[in-house]
Each structure stands twice: as structure tokens, then as C-alpha cells.
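It should be emphasised that the depicted structure is a prediction, and the values quoted were computed from it without experimental measurement. In this chain, numbering begins with 1 at the start of the sequence shown. Indexing begins at 1, ligand by ligand and atom by atom, following the structure's order.
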Amino acid sequence: MTKKILVIGSSGQIGTELVEGLRERFGNDNVVASDIKEPQSAQSGPFAMVDAMDRRGIERVIDKHGINEVYLLAALLSATAEKDPAFAWKLNMESLFIILELAREGKLKKVYWPSSIAVFGPTTPKDGTPQHTVSEPSTVYGISKQAGEQWCAYYHRRYGVDVRSIRYPGLIGWKSAPGGGTTDYAVHIFHEAIKNGAYTSFLGPETTLPMMYMPDAIRATIDLMEAPTEKVKERTGYNLAGFSFNPQQIAAEVARHIPGFKMSYAPDQRQAIADSWPRSIDDSAARADWGWKPDFDLRAMVNEMMKNLKR
Ligand code: AKB
């Protein structure tokens, strides 16, 4: 059977690069991008305008294109979700239920749904956070990701739905803008450093968080989805680690490329969110089960970001 993929939320930070990665691997016509807003760049394949909470609209796209796999990326992220918790819960949960139900009814063979380090909270061990540990999130985004993970595991256990998920750390890429996350400073810093030679971080200098360069995240996502079923043992979300750093450390790396770069700090309400998250992640389950291994460390990521953004 030909793989026919639908990416919901394709115009966002992950969606933009994931569509590109999937099209390279499976062919332009076999990957349908969809969002509530038009894509910013020229499209190399089909696009459908559809709301992630519109079940009938999604079904029409599935029928029209013969879709058998969905990557559901539409969501409000941690900082934006705190501004409208009720809507964040509605969007993040309703969209997931629609896709899980379509899979339960046999209309989809496989589903990908992103989770996040936000499932962890202040009572979670902060260093080398294990795959299975205390998970008491303090944000509505984290609550929705934790509940969503449990629903994914439930649909797998009870109905055999093949749903797979990764707990993403902060993602850093140059092809698309982040929107509404607590880790976004690690992308903004590059744009401001190149434009103005200075950046004011909304997190304090010593706030260490787990991060990852986008190409690693895209490869991990597709590798997990392509892994043989019996290798996917975690049906909540897989811990995934790239590297950890704090604003002071990334500023030092940026300064190697922009002499005289000035970093200042003005922590805002996102500081409390960051303080509730782990500093580093133990991803041994992903490494053992489906062979995950990151390619990029902090220095290699900064080199790539600078090279591409300066161009
Ligand atoms: C956010 O900061 O909200 C996201 C995430 C870690 O899930 N980047």
C-alpha cells in the first residue's frame, strides 16, 4: 500500500521542516500539508486548508487524498497556552481525539502526535530525567501533553491504534519561526545577534534546558514512525535528548561568530515555566528501542544556524 501522509499544522515551526523531510523521503505528492493559514513559502506538494478541530473537514481531506498516516502537530505551546488555558486545552485535546477516533475506526494505519518535556514538573528529577518518573506538570500545555500521552497509550492498549510520540525538548531551526514556546529564546537570539549584535533573553543566564537542532528532531520523528511496530515499546512519549545549555552558554557560542555580541537578561513569566522543567533528559529507551542518536551538539548547531541565517 502506498504511504499517503497528512501533516496537520504544517505551517508551524516543526511542520514546515517535517513536510520537507517527509517529501524528500516519500515523494511530494504523497505528503499533504494542512493548516488554518496558507504556507509562507512556495509549496512543493498538495496543501489543504483545514482546522484541526474540524472532524468532517479532516475526513474530507483523508478521503480525497487516500490518507493512511497522520502527523498531528497543531497545538498551542507553553507560553501562549498560559494566556488562554481553556482554548489551549480544547485545541490540544479535541484535535487529538479526532485523529485517535479516526484511527480506531480503521481510517488511519498510523498516527504521530508530539509530546514535550513539559509533561514534567517541579517534582520531577531535574538531571537525567528518566523515561518513567514523577510527572506533575504545572502548565496547561504540560497537562494537555501528559493527558494526551495517556490517551495515546490507552487507544493503543484498548483498540490497537498504532500511535507514536516523542517528548520534544526545545527545538532550534533556521527555516521556520517558533511560536509561543518557553524555549523560543534560543532561536530569537540568532536573528537578533545577526541584525543588531545584541539580545535580551527572557530567561535568566543560568536557566539550563534540554534542546535539539531541528534536523535531529525531524530525523527522529520519521525514524520513530518508520520503526517496526515491535520496537516501539513506549506508547506514551519517548524521552529524546540532544544537548543542554543555558542562555549564558549559548551567548558565548554566538559571540564566537558575532564579535562584540551583547547579551542581557530580563526574565519574564516564562522563567517560572522553564524553572519547572528538567535540565537534562535520559533518552536511553529511545536509543535502545529504535536506535536514536543525535548528530548535533551545541557548537555544531550554532555553526549551522549562523551559516544558514547569515546567508
Ligand atoms: C515550548 O517551549 O513550549 C516548547 C516545548 C518544550 O514543548 N518548545
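- Every atom of ligand 1 with a heavy atom of S116 under 4.0 Å away is listed here by number and element: 5 (C), 6 (C), 7 (O).
- On a distance-only criterion, D184 and ligand 1 share no N/O pair closer than 3.5 Å.
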For the pair S34 and S10, evaluate side-chain hydrogen bond (donor to acceptor under 3.5 Å, both in side chains) and give the outcome as yes or no after the intermediate values.
CA-CA 5 Å; S34 75; S10 62; 5.4 Å; no
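- Among protein heavy atoms, atom 8 (N) of ligand 1 sits closest to T183 OG1, 2.9 Å.
- Nearest non-hydrogen protein atom to atom 3 (O) of ligand 1 is S78 OG, 2.5 Å.
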Step by step, would you call Y112 with E69 a side-chain hydrogen bond (donor to acceptor under 3.5 Å, both in side chains)?
CA-CA 8 Å; Y112 180 79; E69 277 184 27; over 6 Å; no
Could you give me the CA-CA distance, side-chain angles and deciding distance for L77 and Y141, then say whether side chain to side chain contact (heavy atoms under 4.5 Å, CB included) is met?
CA-CA 6 Å; L77 298 191; Y141 173 63; 3.5 Å; yes
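- Geometrically, ligand 1 and W277 share no nitrogen or oxygen pair separated by less than 3.5 Å.
- In this comparison of L76, T182, V187, L171, the heavy atom closest to atom 2 (O) of ligand 1 sits on T182.
- A cation-pi arrangement, defined by a distance under 6.0 Å to the six-membered ring centre and an angle within 45 degrees of its axis, is present between K145 and W113.
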Stepwise ring pair (Phe, Tyr, Trp, His ring centres under 6.0 Å) test for W292 and Y238
CA-CA 10 Å; W292 157 249; Y238 271 99; over 10 Å; no
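- Listed by number with element, the atoms of ligand 1 under 4.0 Å from a non-hydrogen atom of L77 are 3 (O).
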Evaluate the side-chain hydrogen bond (donor to acceptor under 3.5 Å, both in side chains) criterion for residues R167 and N239: first the C-alpha distance (whole Å), next the side-chain angles of each, then the deciding distance (0.1 Å), finally the verdict.
CA-CA 5 Å; R167 292 171 182 154; N239 274 10; 2.9 Å; yes
